[in-house]
Every structure is written in structure tokens, then in C-alpha cells.
Amino acid sequence: KHSVLLTTIVTSAVRSVQGLGGGIYELEPQGDALRVVASIPQDLMGTRLVKGEGGAAWATLLEKDPVVSIPSYRQFSARAQRYGDGTRFGSVLAVALGRAGAETGVLWVDASDGRPFRQSEISAIQRLAAIASIAIAQSRQRDLSQERVRRLNSLTEATTEIAQLTSTG
């Protein structure tokens with residue numbers, strides 16, 4: 001639904017740190033898991049992690065600090081088991097999407113193992129995270145509006161049917 005814009009944001013984020021990859025995990029409405037909604041490379045799309053696992057662990061860390069830098073994902077104690085020994089990712093920079101207490105996900109980039117991120121890179125990722133937060137919020141609002149329209153249409157149809165039945169009887 002919003003993958004083109006979010007993929008563009010991820011691409012910009014990866015380029016801004018000369019990274020190897022990156023993505024956006026969106027917090028699912030129930031708040032118990034995150035799902036990849038944009039990624040470079042794209043093979044991570046749709047990956048779902050429960051809170052406390054891998055990228056979802058970042059979400060837990062980000063509740064305390066909106067920016068988390070993990071020097072080596074391989075040595076990260078909460079890495080996702082699906083990534084085996086953790087060599088899929090190197091240094092990871094994760095930035096919370098949304099505002100404190102109302103997080104909607106995580107924007108992350110990864111680079112070579114052990115590579116530190118400069119403050120200028122962190123600032124660039126934070127700006128992109130703000131844009132991604134707005135895009136996700138607008139998409140959610142649009143989805144809610146469309147659902148309301150569907151419900152109103154159903155109610156209108158039912159009301160019309162009832163009116164027709166009562167007027168002919």
C-alpha cells in the first residue's frame with residue numbers, strides 16, 4: 001500500500017550512510033510484532049518478528065532511546081534466530097518511527113561489521129524516519145477512512161433494502 005514511498009526512503013537512507021542494506025519494520029496494529037514493509041534488498045519484505053526478536057528487539061530498545069547503534073549484529077544478543085549466525089547484517093543503525101510512546105516502527109540501515117555511524121549520518125536517518133512516520137500515519141488514516149466508507153455503504157444498502165421492503169408491504 002505504501003511500499004513505493006517507503007522503499008524510496010529506505011534507498012535514500014542506505015545511500016546516505018553508504019550502507020549495505022536497510023528497511024522499515026512497521027509495528028502491527030496489535031503492537032506485538034513488526035513486519036518489514038520496505039527493504040533493500042527486497043528479500044526481507046514481509047518478514048515478521050515478534051517483540052524481543054531481532055528488529056523487534058530494536059523496537060524495545062528504541063522505547064528507551066529513539067536511536068540505537070549496534071556495532072555488530074553478529075554479537076547482538078537479541079538477534080533473530082532466522083538469520084542464523086547473524087552474519088547477514090553488519091553494524092546496524094535503527095531509528096524509531098513515530099514519537100515517544102506512540103512508536104509505529106523502525107527505520108534501519110546496516111553497514112560493514114564494526115563500522116561506526118557519524119552524527120551527520122544519524123541526523124540524516126532521523127530526518128528520513130520522520131518522513132516515513134508521516135507516510136505510515138497517513139496510510140493508516142487512509143485505511144481507516146476507507147473502512148468507514150465501506151461500512152457506511154453497507155449500512156446505506158441495508159437501509160435501502162429495509163425501506164423498500166416496508167414500503168411494498
Minimal non-hydrogen separation, [X] against [Y], with atom names:
X: Gly22; Y: Val14; result: N-CG2, 3.6 Å
X: Pro71; Y: Asp113; result: O-OD1, 3.8 Å
X: Gly98; Y: Ser133; result: N-OG, 2.7 Å
X: Leu128; Y: Ile9; result: O-CG2, 3.7 Å
X: Val10; Y: Ala38; result: CG2-CB, 3.9 Å
X: Leu34; Y: Gly105; result: CD2-CA, 4.0 Å

Can you measure from [atom1] ([X]) to [atom2] ([Y]) and round to the nearest 0.5 angstrom?
X: Thr11; Y: Ile40; atom1: OG1; atom2: CD1; answer: 3.5 Å
X: Leu44; Y: Tyr25; atom1: CG; atom2: OH; answer: 6.5 Å
X: Thr7; Y: Gln42; atom1: OG1; atom2: CD; answer: 5.5 Å
X: Ser72; Y: Arg115; atom1: OG; atom2: CZ; answer: 14.0 Å
X: Ile131; Y: Ser12; atom1: CD1; atom2: OG; answer: 8.0 Å
X: Phe117; Y: Leu93; atom1: CZ; atom2: CG; answer: 5.0 Å

Practice task
Please name all residues satisfying side chain to side chain donor-acceptor pair (under 3.5 Å) with Arg15, sequence neighbours left out, ordered by chain then number.
Solution key: none

Problem - With Ser39 via side chain to side chain donor-acceptor pair (under 3.5 Å) - residues at least two apart - result: none

Between [X] and [Y], is any pair of side-chain heavy atoms under 4.5 Å apart?
X: Phe89; Y: Trp108; value: yes
X: Leu27; Y: Arg35; value: no
X: Val109; Y: Ile125; value: yes
X: Val36; Y: Ile24; value: no

Using atom types as modelled and distance alone, determine if a side-chain donor or acceptor of [X] lies under 3.5 Å from a backbone N or O of [Y].
X: Asp110; Y: Gly21; answer: yes
X: Ser123; Y: Ser120; answer: no
X: Ser91; Y: Gly114; answer: yes

Handout entry: Carboxylate-amine/guanidinium proximity below 4.0 Å for Glu26 and Arg48
Key = no

Practice task
Flag yes if Leu20 and Tyr73 sit in one hydrophobic cluster, no otherwise; membership is Ile, Leu, Val, Met, Phe, Trp, Tyr, and two members link when side-chain heavy atoms are under 4.5 Å apart.
Solution key: no

Problem - Residues forming a side chain to side chain contact (heavy atoms under 4.5 Å, CB included) with Gln30, sequence neighbours excluded - result: Glu28, Asp32

